[in-house]
Amino acid sequence: MTTEAPANTAAPSTGSGGAATAVLDTVEVAATTPEKEQPYAALGLKPDEYERIRNILGRRPTSAELAMYSVMWSEHCSYKSSKIYLRQFGKKVTPEMKKNLMVGMGENAGVIDVGEGWAVTFKIESHNHPSYIEPFQGAATGVGGIVRDIISMGARPVAVMDALRFGAIDHPDTARVVHGVVSGISFYGNCLGLPNIGGETWFDSVYQANPLVNALAVGVMRHEDLHLANAKGAGNKVVLFGARTGGDGIGGASILASDSFDEGGPTKRPAVQVGDPFAEKVLIECCLELFAGDLVEGIQDLGAAGISCATSELASNGDGGMAIVLDDVLLRDPTLTPEEILMSESQERMMAIVRPEKLDGFLEVVKKWDVETSVLGEVTDTGRLSIMWHGQEIVNVDPRTVAVDGPVYERPVAYPTWIDALQADTAAKLDRPATPDEIRAQFLQLIGSANQADAAWVTNQYDKYVLGNTALSYPDDAGMVRVDEESGLGVAIATDANGRYSQLDPRQGAKLALAEAYRNVAVSGAVPAAVSDCLNFGSPENPEVMWQFSETVEGLSDGCLELGIPVTGGNVSFYNQTGDVPIHPTPVIAVLGVIDDIARRIPSGWQDDGHNIYLLGDTALELDGSAWAGVVHGHLGGRPPAVDLAGEKRLAELLNAAAIEGLIDSAHDLSDGGLAIALAEAVGRFGLGARVVLDEVAGDAGIDLATALFSESTGRVIVTVPREDDVKFRGLCEGRDYPVRRIGVTDATSGALEVQGLFTVSIDELRGINRAPLADAFGPIVGY
Amino acid sequence: MRIGVITFPGSLDDRDAQRAVRIAGGEPVALWHGSHDLEGVDALILPGGFSYGDYLRCGAIASLSPIMTEVVAAANAGMPVLGICNGFQMLTEAGLLEGGLIRNDHGGFICRDQVLRIENASTDWTGEFSAGEEITIPLKNGEGGFIASDETLDRLEGEGRVVFRYVGVNPNGSLRDIAGISNERGNVVGLMPHPEHAVEPGFGPDTAAAMRSGVDGLGFFTSVIRRALVEA
């Protein structure tokens, strides 16, 4: 470890010394030079925030303190614009929702009890801005970051998912972002040995210069293995281990994730981190061995804001004091300044709190895994976070002022001027196809559209088999992994969002996304149990965006209350816009469900001949915001479909009962694209045909056949039932008072989907059209 | 039968291989790359993964691990050794198998259910199959393109040492559709696809009968166990 003073600060400096003076900006110096001008604005702090820091400290901050406050008070780390709204998730809870909640919001990831002594932790998080600037590394490190959150809870990561939103599929820049993001996730996730079990792939021009890369990870542990990250016990050692600290990702949180991109502005590439999945894989095994050997009190991952975040959060969550020597941080680049070391977001690093008597055991384990480690200091009872550099104190702060008591804003909120006109512009007035030929043509147009297309081009690049516990994965509605090999206990997860619905009505859009994810878990045979969310929005400084955000949180928290499942954590990503144009509000909702025995899971398509196909739920004229309106008419207007969460709950209970009794052998959710897309996917899943009649569905609702096919009414699922279980199944639906209509029968001989009186499409043609969009845009799909 | 599964830094499918051994009726023994002790096992599996991140040539660093000295000696003495994916790459790097594996011809990583034809059903790891039989097991790799000189390829084919060939789709540009090979004696076998991911109903590839019910990979592990029983 070099102790040389930094020779040259060519990298963006926060002003420790500078060229004119070699004097280190210590606490002592800061106290005697109140007049010194500091580059707070360049670090993303507003004038009043800077004043507040001075008031807290009773002096000006040192350059190192300024660096810490700037990253920790950034939107990304402090949730300063969203905090007042997010409190609703904590308020709208019932005892029922808390029953299985072991760790709620505010920790690295929420934890729920899934029974048999097992606990599951999961979380979804954004890495949007880095993924536009440098798609490969941006997406790769997004996976790495969320996985470290899971490890820090004491869990073994067991699967990942990703919800991706890109610009228009035919835009010249989209392929760059898609190739980079998908290969980045593939590179990192595959090398880490975590199966990728699902997610979403969506294209819309609103995401053109601001793709959304939301990565989810799930981990499992025994109850007794749960660990919380806090620094307790004066004298315990503070240990940094994993990769060395380098110059990558400096200011990532404050610069990238907390500001909008300015077209033509300077490149922010150096602010994107670089990922090393091998180092992370080793770190996973190393951490699990440390936990298993009871060698650590707690482990905190280093993500956004790096050492600034880890030290201040660990101290805030513990006894409140910590003293470290920054010279002892192992560096990749010895010329880094102390400010840069504090702000660096170099990946694959962890900070542990270790009892002195266990330090030798700790060091033995990290040596076994060839993980570099340095002891930085210890926990104190002073209530202060003190950081030394070259023998002098450069930070002396109350860690809570850095990590917890940051600024909280009540941003102006304004009802959007344009929304009444948008909602009045209903899709019901659009021309609907009248003849069978027109309906057939629009059906094919829909299954060949970018957002309804087969995503195999993406998912074939991900390992879904590793660990040997994957019970469902794309293209099934939810991903599912086995937790216990003896009992068959498992968990299912689905992520959903529909930015089009949310643009029309953000409160309703949030409930619709929640309902869809909930339903996707239910059709897999699992019982929905918990929610994680990643709320992607435009600039919080835009009052209309803040209105969208507040409506979304209201809708989501009300929805969770009604469904009786808790939000266990998540992430807010603001400033997603290009120029002044915000993205559609895109709350990505992940619902996790529990299944007692994965042997009872249900596939999303049928595989057996002659089984009856039933449509559960009613269909109405609900085409506003639909895929049909978008694809066929380029239209977005009106009000999104109605959502009945009590009905969704009854539907989930019905499906669960049917799964337990073994009455259904496939179930597939209806969402965007309605019955048309659900039928196409269910036929395509195993390549087995079907004959379908829609007269009863249309007749009962008083709608035309095209509407029956393309409407996006909620609370609907198609299931197949073996003939011998027909009576029992119908009885079950009647007993639970859920609408059910037989709409056809599976057919192994036809090799086609036949909608009687309308059209027939061979499975080969259907699959060909469904696979074409991604292959045409991004290259051939291997093996098709 | 005790079958050792060696974990290298970055091994990913080591637990899967152990599970496959267990399901086949064997006793899996976890071995560590840094040791020189094979713990008296009767056969060895080098599992899949990204040893050392595969940042250099795949398997190159792992092939120099301490335990590889014992692996090479045991293989030369006739112990059955199976290299899967990254393990196959290590066996070629260690000189136990010929040829090499390069980046897939399409440039990307590919995960798919792959049909293979068993070309040689007399190796230690394929005795339970019949020659010409087609099986489906998962394939997942970024650098699975098998290459060798024309002379080597001719010799491998002439000596019946091409053990598996891709059928229908060549997923990575492997020369002559070769998915896996053996040494002369037939005790050392390497292949890119993953038999250990097709051993348990519910977690394997889809079949015409039911979702994820494919267990075509189980034969690899029962073959080596059966052979040991016959020899004993």
Side-chain angles (χ1 to χ4, degrees), chain A residues 179 182-183 186-187 189-196 276-282 285-286 368-371 456-457 459-473 476 481-482 485 488 598-599 601-605 607-608 665-666 685-688 778-784, chain B residues 7 9-20 22-23 32 34 47-55 104-115 137-142 166 168-173 194 196-213:
Chain A
H179 277 281
V182 173
S183 55
S186 166
F187 160 75
N190 294 343
C191 189
L192 211 48
L194 295 177
N196 191 309
D276 176 355
F278 170 64
E280 179 127 325
K281 166 64 182 170
V282 171
E285 301 303 331
C286 179
K368 173 188 167 187
W369 290 100
D370 284 328
V371 171
W457 185 90
T459 56
N460 282 3
Q461 298 186 48
Y462 304 149
D463 182 352
K464 66 182 177 187
Y465 280 107
V466 64
L467 300 182
N469 288 315
T470 306
L472 291 173
S473 63
D476 290 311
V481 289
R482 175 171 59 180
E485 291 196 28
I598 38 109
R601 74 206 187 288
I602 306 167
S604 63
Q607 215 167 352
D608 295 303
D665 53 18
S666 80
R685 176 71 178 85
F686 296 104
L688 199 91
F778 310 121
I781 302 171
V782 176
Y784 287 140
Chain B
T7 297
S11 290
L12 304 176
D13 303 309
D14 44 350
R15 278 185 292 271
D16 302 62
Q18 291 168 16
R19 183 191 294 115
R22 203 159 43 236
I23 291 172
W32 180 243
F50 288 73
S51 56
Y52 296 96
D54 282 350
Y55 296 150
N104 297 345
D105 56 352
H106 48 85
F109 186 97
I110 175 72
C111 177
R112 67 190 309 272
D113 296 347
Q114 178 69 44
V115 181
I137 60 177
L139 169 126
K140 41 173 213 179
N141 64 65
Y166 298 116
V169 174
N170 180 333
N172 45 31
H194 288 260
E196 81 284 16
H197 290 324
V199 294
E200 192 181 9
F203 303 93
D206 290 341
T207 71
M211 177 175 69
R212 295 173 192 270
S213 58

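Order of the sequence lines sets the chain letters (A, B, ...), proteins ahead of strands, with each chain counted from 1. All figures in this text were calculated on a predicted structure; none of them were measured in a lab. Only this structure's heavy atoms are used, side chains among them; waters, hydrogens and symmetry mates stay out.
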Below 4.5 Å from any heavy atom of chain A, which atoms of [X] appear? Answer side chain, backbone, both or neither.
| X | result |
| --- | --- |
| B:Glu200 | side chain |
| B:Thr7 | neither |
| B:Pro201 | neither |
| B:Ala209 | backbone |
| B:Tyr55 | side chain |
| B:His106 | side chain |
| B:Asp113 | side chain |
| B:Ala20 | neither |

May I have the step-by-step check of side-chain contact (heavy atoms from CB on, under 4.5 Å) for B:Arg112 and A:Ile781, ending in yes or no? CA-CA 11 Å; B:Arg112 67 190 309 272; A:Ile781 302 171; over 6 Å; no
Under 4.5 Å heavy-atom distance to chain B, tell me which part of [X] shows up: side chain, backbone, both or neither.
| X | result |
| --- | --- |
| A:Leu192 | backbone |
| A:Ser186 | side chain |
| A:Ser666 | neither |
| A:Asp370 | neither |
| A:Lys464 | both |
| A:Phe686 | side chain |
| A:Asp476 | side chain |

Heavy-atom pairs under 4.5 Å with chain A, option from B:Gly10, B:Pro138, B:Ser11 with the top count: B:Pro138
Using the rule given for side-chain contact (heavy atoms from CB on, under 4.5 Å), can you reason through A:Ser473 versus B:Arg212, listing the C-alpha separation, both sets of side-chain angles and the distance that settles it, and then say yes or no? CA-CA 11 Å; A:Ser473 63; B:Arg212 295 173 192 270; 2.7 Å; yes
Does any N or O in the side chain of A:Gln461 come within less than 3.5 Å of the main-chain N or O of B:Gly108, such that one atom is a donor and the other an acceptor? no
Check for a donor-acceptor pair, side chain of B:Arg15 on one end and backbone N or O of A:Leu467 on the other, with a separation under 3.5 Å. no
Using the rule given for side-chain contact (heavy atoms from CB on, under 4.5 Å), can you reason through A:Arg685 versus B:Asp206, listing the C-alpha separation, both sets of side-chain angles and the distance that settles it, and then say yes or no? CA-CA 10 Å; A:Arg685 176 71 178 85; B:Asp206 290 341; 3.1 Å; yes
Exercise: identify the closest heavy-atom pair between [X] and [Y]:
| X | Y | answer |
| --- | --- | --- |
| B:Thr207 | A:Gln607 | O-NE2, 2.6 Å |
| A:Ala471 | B:Phe203 | CB-CE2, 4.1 Å |
| A:Cys191 | B:Gly53 | SG-CA, 4.1 Å |
| A:Lys281 | B:Leu12 | CE-CD2, 3.5 Å |

Residue pair B:Asp13 / A:Tyr465, side-chain donor-acceptor N/O under 3.5 Å: no
Set of residues satisfying ring pair (Phe, Tyr, Trp, His ring centres under 6.0 Å) with respect to B:Phe109, sequence neighbours excluded: none
Side-chain heavy atoms of B:His194 within contact of A:Val466, under 4.5 Å: no
pair B:Cys111-A:Tyr462: side-chain heavy atoms closer than 4.5 Å: no
Apply the side-chain hydrogen bond (donor to acceptor under 3.5 Å, both in side chains) test between B:Lys140 and each candidate in A:Asn190, A:Asn460, A:Asp463; give the one that qualifies. A:Asp463
